[in-house]
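What you see is a predicted model, and the numbers here were worked out from it, not measured in a lab. Atoms considered below: every heavy atom in the structure, side chains included; atoms not considered: hydrogens, waters and symmetry mates.
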Amino acid sequence: LGTQEMTSVVAFDLRNFPVSLQRMMSEGYCIGHSLVEALDVWAGVFSAATGEGQEGRSPATTALCLFRMSEIQARAKSCSWDFELILPNCKEGDKPERVQPIASSTLIHSDLTSVYGTVVMNRTILFLGTGDGQLLKVILGENLTSNCPEVIYEIKEETPVFYKLVPDPRKNIYIYLTAGKEVRRIRVANCSKHKSCSECLTAADPHCGWCHSLQRYFLNSFSLRCLFKRKIKKNINTPKSKWGKTYITTVTMVGSFSPKNSDCTVRNVDTSRVLCQGKSQLNRTCTCNIPTRPIYRDVLMVNVTFSFPSWILSKRFNLTNCSSLRECSKCIVTGCAWCNSARRCIHPFTACDPSDYQSNQELCPFAIEKPPKNPEGGRFKENKSNRTNQGLQVFYIKAIEPQKISTLGKSNVIVTGANFTRASNITMILKGTSTCDKDVIQVSHVLNDTHMKFSLPSSRKEMKDVCIQFDGGNCSPVGALSYIALPHCSFIFPATTWMSGGQNITIVGRNFDVIDNLIISHELKGNINVSEHCMATFCMFLAPSLKSSKARTNVAVKLRVQDTYLDCGTLQYLEDPRFTGYRVESEIDTELEVKIQKENDNFNISKKDIEITLFHGENKQLNCSFENITRNQDLTTILCKIQNIRNANSIATSSKKVRVRLGNLELYVEQESVPSTWYFLIVLPVLLVIVIFAAVGVTRQKSKELSRKQSQQLELLESELRKEIRDGFAELQMDKLDVVDSFGTVPFLDYKHFALRTFFPESGGFTHIFTEDMHNRDANDKNESLTALDALICNKSFLVTVIHTLEKQKNFSVKDRCLFASFLTIALQTKLVYLTSILEVLTRDLMEQSSNMQPKLMLRRTESVVEKLLTNWMSVCLSGFLRETVGEPFYLLVTTLNQKINKGPVDVITCKALYTLNEDWLLWQVPEFSTVALNVVFEKIPENESADVCRNISVNVLDCDTIGQAKEKIFQAFLSKNGSPYGLQLNEIGLELQVGTRQKELLDIDSSSVILEDGITKLNTIGHYEVRMRLDLDIYFFLTQLNWMTSNVEYSDDHCHLILPDSEAFQDVQGKRHRGKHKFKVKEMYLTKLLSTKVAIHSVLEKLFRSIWSLPNSRAPFAIKYFFDFLDAQAENKKITDPDVVHIWKTNSLPLRFWVNILKNPQFVFDIKKTPHIDGCLSVIAQAFMDAFSLTEQQLGKEAPTNKLLYAKDIPTYKEEVKSYYKAIRDLPPLSPLEMEEFLTQESKKHENEFNEEVALTEIYKYIVKYFDEILNKLERERGLEEAQKQLLHVKVLFDEKKKCKWM
């Protein structure tokens, strides 16, 4: 149950509880709980189950149940059990015993979500949250009986209260609740509603009190002190004993007040004589006894006082008129006593038989009118009857409408059924919260035999059970009725309409299913009722006509609920739309486009608002289907289409008018007329008429021709733009990349090449030096000078001093620092334990430098030896993890990305492609292309053992691929098919086309190549040779060996492929030196290709990322765990409390320093070639990877770079995973020094004899000798390095002697 006190799980005994409550607790869910420690009680909120999972809980039936912790702990057993009734795995002696809830405190209420319990002034208070945003307060009585809950707070938005309620730790008058995205602080009581002392005390709320000195309420708080007087709830209890003929009257106090340290006094007001005094005993309320002496009968007024350490409780009783009171209840209230035997009110100090003596109003007798019993009990269900003395009467209840009403109630609730007119007394009983009073409502009107009407009162938000009682019989259940909050409007759309009305208006909000009417309120026409269609969250209606009103007017939209009108916003009416004309266009003979022009306005016209009809010929009509509305600077165009017709051209010419219906508005629009200009020539002289006519005619002709061409070009451009955008959208939704799951063996590089490429990413020459010297190394040849230098480097103090001295030299560049760190890593490759200790010392020293400025900048750049040393150390220690866990998904990502890029056109000159992740590498000048399936035959295989080689393969290429690109795709297909190149090399094979019996060699450049203007040669493509997929012709390509002179051509600026020169294009070229114009292209049209590429690799990319920040077998790699714990320890030592600093340190040391380097350089890990295009795409992926580790929230706008926008939605998810990854590593048990040392020792043994350490030592000595004087001076100034100084001088002598002998 979520408490530390309960070490075992127990069962609950539900046999004595209602079936619904049993179902909730045995088959339902425990939604929230609270432990009331002061009372030793556990409170839980339970919900009935309606389906699978937590979403299957029923908000309609929830309950609050209390259990005594002492009973739970006493009956707990060792067998694990969680609210189940079947114990298949429990032994008989270990089965938990059932625990019963406290029956008196059980409270059933709809949609409870949370509970918090506490004890205030010896009274138990329970706060309950609900799913509709209410905070309820329940005060338990003396025997833990629940009262009717009080609503102390309601959330206007009705968001559910979270399952946890938390009290204010400092001010006990507040409680915190969480709802939606907010945490709210709420007062624990609404004491301000109490206007008088009696009203305040009657509420019995221990949080509220009455201050007599201020004559006002106050909220009980430890900081507020007020000496107040309080009425006694029950002043005189029943006589406790009798001695002879003398009776004893006991005065005490009944209520939830602490009984400790209290005094009580009863005093005669007239004489100030003390009648009795008392003092509280251990854990008992103070009492005092008054004997029934005759002298006390004259006491007419007494004052009873209970004194506590910080407050006084008192009440004055007037006993003057006891004998005149005739009712028991009034008698008891005044302080008198009721004697049952004499049936009269008596003085409390007067003798009466103790069995008849009553001083408690609840024990007063009262009359009960019992209705005549019905033989069948008055139970009415389907096919059930209710027998009466007059005969057989069948009352049938079908339904109640509506099933939801507002908290204001409803005056016309209809119940349907049968035989209603046969009953003389019909009542409806509403039962809501189990501890609240029922509502009993008499029927308002029996309409007929099947319908009757009730008027339901107002109530708070909750669900109530409804039953109908006929003629005093049993109550027949009808179902549930929900009281919900008043409707709330969010917005109206559209908010502007036309005067004629009829437009579809939608109101969005909540609780619209309880409104009675929707009203339009106009200043002249008053309230207009409109018919509406309302659901819970929206309401739709047709705007009424306001034709006779002024041109512009605003009307108020109101909702009527009972007699309450709720404002819902305003609706603006404007003048009706004005149409200027229309024109009909026919692109094909079966379709017409009708474009209707209207003046610009502020109306939002939708398809369901408008109806267009075209009239043509002799009153023939055609319905035009609405397409869209386009708004220009001057006019708005409504486009509609008429499809599936014949003779579209003749219909267009015979069209007469168009009818437009907008709601209630109906207009006829005439066709646009072209104004003539001939009348301007009438005023000209007759002699100039012919000349001007000719000039105007020629000009008009040329203008029409030019206008027609421009119109055609614009329409062609518009058509192309539409096609490109639609194709891009369709591809994004439908295109799938066939990723090859089986890509063969991953071509991992061996450790030596991986390490050298990581250590020296920009110095390829060192790789050759290390590998070549290693092959020629003589194990017996031991260099004395290098051995001495190696021993000197193993002196930690010396090495740290040398590094610090070198870094202080101005000409010791960043490149030198990185090289020195890499040489040092290779020299100490077999001494990783020592290298790790050096790394720790240098990192601490770097922290000391960074702490004086900004610690968040530490390890961000590679500007020191330790930063490069950390990169190398991570590479060495994580090489195994990279190969075993991350390598395969990383290679799959690169392979998938290559597949997607090669699926579309790639410009061989610039390497730009249609499919990419980087906008800078996007080929937006894309030509039209298609896929061509080639049958390829490999004629010559160099190796003799090639009998099993598949020589015939089918390859898909693009008709815009160059011959070289086609050869690469064919070669890759051969490798995928056969798994080995069998001696073939790409630069040694050629491509020949066979059509029928003719064969032709295909080349990127030959005599048929097209030479554009400015002498630029266009590379030949598959389409250039007119290779197409044909059904009547077999096409074969033969791969043969070529002269090496034809391969490895580097094309200059005098060549082009897909991106043509600005003044040149290539369209339908049949020969040389043909010119053309580029098709109009917009780069932004093809940005969807970025998203298409992202979608294609998304699953592979997420698999890669999660393999990086995963913990295999719940264990982090030793290096990561060790270094992260080291950073945490350093932050703690330096008293850095900002968690962001440690997060940034970890991010700079692992993702930034190692993983980004790997993600951007797959050639470091695999034996592959990285193209510039792949490099650009991996840069985008690496940026997204680093954004996932960033703590800053990116504020991206529409103008942000696409490289950032591409993964903007994914970054928040990745950030949460990264935080969980860091937390999981931090929560792992720390590594012992022995475990880390063992790991480093094993890694050192793995890499023995991988490198020639002598080469690294030689390079290190070059730096030492270059700055020898500075290093020697530093050693002289440092204490404890005298021996290292001597060894350094000795090493220099050995190297100088070796140099003289020309050993170097």
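- Summarising the local packing, OH of Tyr163 is surrounded by 12 or fewer heavy atoms from other residues, nucleotides or ligands at distances under 6.0 Å.
- Between Asp516 and Lys410 there is a salt bridge, since at least one side-chain N of the basic residue sits less than 4.0 Å from a carboxylate O of the acidic one.
- Proximity of a side-chain donor or acceptor of Asn511 to a complementary backbone N or O of Ala485 within less than 3.5 Å is detected.
- When every heavy atom of Asn147 is checked against every heavy atom of Leu107, the shortest pair comes out as O-CD1, 3.9 Å.
- Using a 4.5 Å cut-off on side-chain heavy atoms (C-beta onward), Asp132 and Ile484 make no contact.
- Heavy-atom neighbours of Asn143 CG from other residues, nucleotides or ligands within 6.0 Å: above the threshold of 12.
- Taken as a pair, Cys200 and Cys191 fail the criterion of an SG-SG distance shorter than 2.5 angstrom.
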>> disulfide bond (SG atoms under 2.5 Å apart) for Cys568 and Cys489? Distances and angles first, verdict last.
In response: CA-CA 5 Å; Cys568 206; Cys489 301; 1.7 Å; yes
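- Counting heavy atoms from C-beta outward, Ile492 and Ile507 have side chains that approach closer than 4.5 Å.
- The distance from atom OG of Ser476 to atom CD1 of Ile397, rounded to the nearest 0.5 Å, is 6.0 Å.
- With respect to Glu154 and Arg460, no salt bridge is recorded, no charged nitrogen being found less than 4.0 Å from a carboxylate O.
- Between the side chain of Asp471 and the backbone N or O of Gly473, no donor-acceptor pair lies under 3.5 Å.
- No side-chain heavy atom of Pro167 sits under 4.5 Å from any side-chain heavy atom of Asn172.
- Looking at Asp439 and Lys464, their side chains come closer than 4.5 Å, going by heavy atoms from C-beta outward.
- Donor-acceptor pairing under 3.5 Å is recorded for the side chains of Thr421 and Asp449.
- Between Phe420 and Phe470, the ring planes are parallel. Angles under 30° get that label, and only those over 60° would be called perpendicular.
- A search for side-chain hydrogen bond (donor to acceptor under 3.5 Å, both in side chains) contacts involving Tyr565 returns nothing, not counting sequence neighbours.
- Here Lys558 pairs with nothing under the salt bridge (charged side-chain N to carboxylate O under 4.0 Å, His left out) rule; sequence neighbours left out.
- Taking all atoms of both residues into account, the shortest heavy-atom contact from Thr113 to Gly131 is CG2-N, 3.4 Å.
- The shortest distance between side-chain heavy atoms of Leu481 and Leu456 falls below 4.5 Å.
- Atom CZ of Arg184 and atom OH of Tyr153 lie 4.0 Å apart (nearest 0.5 Å).
- The number of heavy-atom neighbours closer than 6.0 Å to CG of Asp437, taken from other residues, nucleotides and ligands shown, is 12 or below.
- Between Leu542 and Val530 there is no side-chain heavy-atom pair separated by less than 4.5 Å.
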>> side chain to side chain contact (heavy atoms under 4.5 Å, CB included), that's the test. Do Leu486 and Leu408 meet it? Break it down for me.
In response: CA-CA 8 Å; Leu486 293 175; Leu408 299 177; 3.6 Å; yes
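- Nearest heavy atom pair, residue Thr62 against residue Ser110, reads OG1-C, 3.5 Å.
- A pairwise comparison of heavy atoms in Met452 and Val443 identifies CB-CG2, 4.0 Å as the closest pair.
- Between Tyr116 and Phe127, the ring-plane angle classifies as parallel under the 30° and 60° cut-offs.
- Between Val166 and Val183, the closest side-chain pair of non-hydrogen atoms is not below 4.5 Å.
- What you find for Ala189 and His207 is that their closest heavy atoms are CB-CB, 3.7 Å.
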>> Using the rule given for side chain to side chain contact (heavy atoms under 4.5 Å, CB included), can you reason through Arg187 versus Ile173, listing the C-alpha separation, both sets of side-chain angles and the distance that settles it, and then say yes or no?
In response: CA-CA 6 Å; Arg187 280 183 176 266; Ile173 62 172; 3.9 Å; yes
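- Taking every heavy atom of both residues into account, Leu66 and Ser105 meet most closely at CB-OG, 3.3 Å.
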> Passes side chain to side chain contact (heavy atoms under 4.5 Å, CB included), Asp111 versus Glu462? Steps please.
Replying inline: CA-CA 8 Å; Asp111 207 7; Glu462 65 175 322; over 6 Å; no
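- Applying the disulfide (SG to SG under 2.5 Å) rule to pairs touching residues 111-159 yields Cys148-Cys436, sequence neighbours excluded.
- Annotation: side chain of Ile155 is not in contact with side chain of Glu182 (no heavy-atom distance under 4.5 Å).
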>> Pair Phe454, Val415 - check side chain to side chain contact (heavy atoms under 4.5 Å, CB included), show working.
In response: CA-CA 8 Å; Phe454 288 86; Val415 177; 3.9 Å; yes
